[in-house]
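Quick note: numbers below take in every heavy atom, side chains included, and nothing from hydrogens, waters or symmetry partners.
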2 protein chains.
Amino acid sequence: MQSACSQCNLHELCLPVGMSIEDVERLDALVGARRKVRRQQPLYRAGEPFEAIYAIKLGWFKTDVLLEDGREQVTGFQMSGEMLGLDGISTEVHTCNAVALEDSEVCVIPYDRLEELSREVEGLQHQFHKVMSREIVRDHGVMMLLGSMRAEERLAAFLLNLSQRFNARGFSPAEFHLRMTRDEIGSYLGLKLETVSRAFSRFQDEGLVAVQQKHIRIQNLTGLRRLIQQPAAR
Amino acid sequence: MQSACSQCNLHELCLPVGMSIEDVERLDALVGARRKVRRQQPLYRAGEPFEAIYAIKLGWFKTDVLLEDGREQVTGFQMSGEMLGLDGISTEVHTCNAVALEDSEVCVIPYDRLEELSREVEGLQHQFHKVMSREIVRDHGVMMLLGSMRAEERLAAFLLNLSQRFNARGFSPAEFHLRMTRDEIGSYLGLKLETVSRAFSRFQDEGLVAVQQKHIRIQNLTGLRRLIQQPAAR
DNA sequence: CGAGAAGTTGAGAATCATCAAGCGTTGTGG
DNA sequence: CCACAACGCTTGATGATTCTCAACTTCTCG
């Protein structure tokens, strides 16, 4: 099976943004096979040698870091059009685990060849840098979340972020399925799963969100937004 | 005043890592003026157009993000040999503030020219990517800190990180001056300044660290390390 | 259909925040 | 050069948020 960025409906979100048709075709040649990853299976693990980055064609992933004592920190949830593996560039070894949350498919982009091509194709170079920078900005947002928001604010920010990303892909921003468990959400938000569950219940009681297990319907967007702008409690 | 990467004692830490002498000289030509920034002054502010990245020649900075309601989240403390401004690449606008913690000096690297040269100099391209990736990995470490560690663990991890960075620059890993206030440390670690202060006092009582205002002497390195490997409390 | 995983809810406990007072250091102007 | 003000830091008492432990319900999947 061949991948073809030029044919892909994600090219407005993914690496090809801003590239000419000819250049995207050069990128096509570079992108190796696609790879399917089944639910719960790792795309890569911390410690493995770094060789490629991955663009998510379809599905959902989480990335996490483990401490020796078993503590897990989920560092992100990635969906179609987003990139995985950037952490490996610095040491040439992956520093986190990437695990599929549902049956998924990624485009494998051999890293040495990406560097090669991006020396020739300015648009690719530029977009790749933007993707890395966007990841840094995203991480700062998560720090803000973890460092200065209380539980309900964190969950509201999380839902609003998901909503926006679904919207950017042409899905409903108001109604969607969570691919991750309460425990995984909790790990990402620095909360225990019970706290996440209680916050969901509270949102439901207040009419902000209709929650039915993993099915979410946002009923009061401005209410959720207002929640985040409350004065700091910590 | 001219900057010259080839003359700089930080070239083992900074962008020139792994580049040939000739290539570093090309980088010299690119690096514009140095810029001095006085204590408490911003190098750049969130919202300003992005034009250059900065390598810290001398001094200390903090980067922070502000929420509308006035909450501040410090996203990092940067010292000599480290890079500032990478967040601006994604949107071509700076997304955080960079403020000098003491009188400092940076090398200004015009971004468009950096992209230009890194298309020609493979070593520069590679090192620049590593620098960005390292920032992502660092951010994941901070998430781990904020999301799954308790107050004393966070402070211990913070001190160990500083120790290691001083060491890499040829300074004592055991004795150093903090350039930031308790409030800034607290913001970075997701804690209130009182909590930071209490944790310092506790470390002092336990003989782990001698604290005298901003002067720090690590007395029991393994004790500090052990502290982080305690079972999770949250 | 049953077993295990995931989610919800309650009660009590722990950690950290808040509020408040006081001390030490630094820097400036008389 | 000293005095005083401002700022940063420390410490104590109290309170709020979130965690922990536990029981129970609901959903999922073989």
Taking atom P of D/dC9 as reference, at what distance in whole Å does atom CD1 of B/I185 sit?
-> 8 Å

Please produce a list of atom pairs where a protein N or O lies less than 3.5 Å from an N or O of nucleotides 21-24 of chain D.
{"unit_1": "D/dC21", "atom_1": "N4", "unit_2": "A/E194", "atom_2": "OE2", "d": "3.2"}

Single hit among B/R34, B/R38, B/R35 for salt bridge (charged side-chain N to carboxylate O under 4.0 Å, His left out) with B/E105 | B/R34

Give A/L193 one of three labels, base, sugar-phosphate or nothing, depending on what nucleic acid heavy atoms sit under 4.0 Å from its own.
-> base

Regarding the side chain of B/K214, the nearest nucleotide among D/dG8, D/dT18, C/dT15 is D/dG8

May I ask you to evaluate whether A/T195 reaches the phosphate of D/dT17, defined as a side-chain N or O under 4.0 Å from OP1 or OP2?
-> no

Under 4.0 Å between a side-chain N/O of B/R182 and OP1 or OP2 of D/dG8, yes or no?
-> no

Atom pair distance, as rounded to whole Å: CG in A/L189 and C1' in D/dT18 | 14 Å

In whole angstrom, what separates A/L146's CG from C/dC16's C1'?
-> 16 Å

Taking only side-chain nitrogens and oxygens of B/S197, does any of them come within less than 4.0 Å of OP1 or OP2 of D/dT11?
-> no

Pairwise distance CG(A/D139) to CG(B/D139) - rounded to 0.5 angstrom | 4.5 Å

Listing, residues 46-54 of chain B side-chain donor-acceptor contacts under 3.5 Å, not counting sequence neighbours, or none:
{"unit_1": "B/E48", "atom_1": "OE1", "unit_2": "B/R45", "atom_2": "N", "d": "3.4"}

Protein-nucleotide distance (B/H177, atom NE2; C/dT25, atom C1'), rounded to Å = 13 Å

Check against ring-ring contact (aromatic ring centres under 6.0 Å, His included), A/F77 and A/F61 | CA-CA 6 Å; A/F77 297 109; A/F61 286 81; over 10 Å; no

Between A/R202 and A/E206, is the closest basic N to carboxylate O distance under 4.0 Å?
-> yes

With a 3.5 Å cut-off and no angle check, do the side chains of B/T222 and B/N220 form a donor-acceptor pair?
-> yes

Whole-Å distance between D/dG15 C1' and B/K192 NZ?
-> 15 Å

B/L191 CG to C/dT15 P, in whole Å, measures 14 Å

How does protein contact run along nucleotides 25-30 of chain D, one letter per nucleotide 5' to 3', with B for base contact, S for sugar-phosphate only, - for none, heavy atoms under 4.0 Å?
-> --S---

Quick one: do A/R179 and A/E184 make a salt bridge, cutoff under 4.0 Å?
-> no

Among D/dG8, C/dT15, C/dG7, the one nearest B/T181 by side-chain distance | D/dG8

Pairwise distance CD1(B/I136) to OG(A/S90) - rounded to 0.5 angstrom = 9.0 Å

For A/E152 and B/Q40, take the nucleotide of DNA chain D holding the closest heavy atom to each; which residue's nucleotide lies nearer the 5' end?
-> B/Q40

A/R134 bridged to A/E82 by N-O distance under 4.0 Å | no

What's the CD-C1' distance between A/Q204 and C/dT9, to the nearest Å?
-> 14 Å

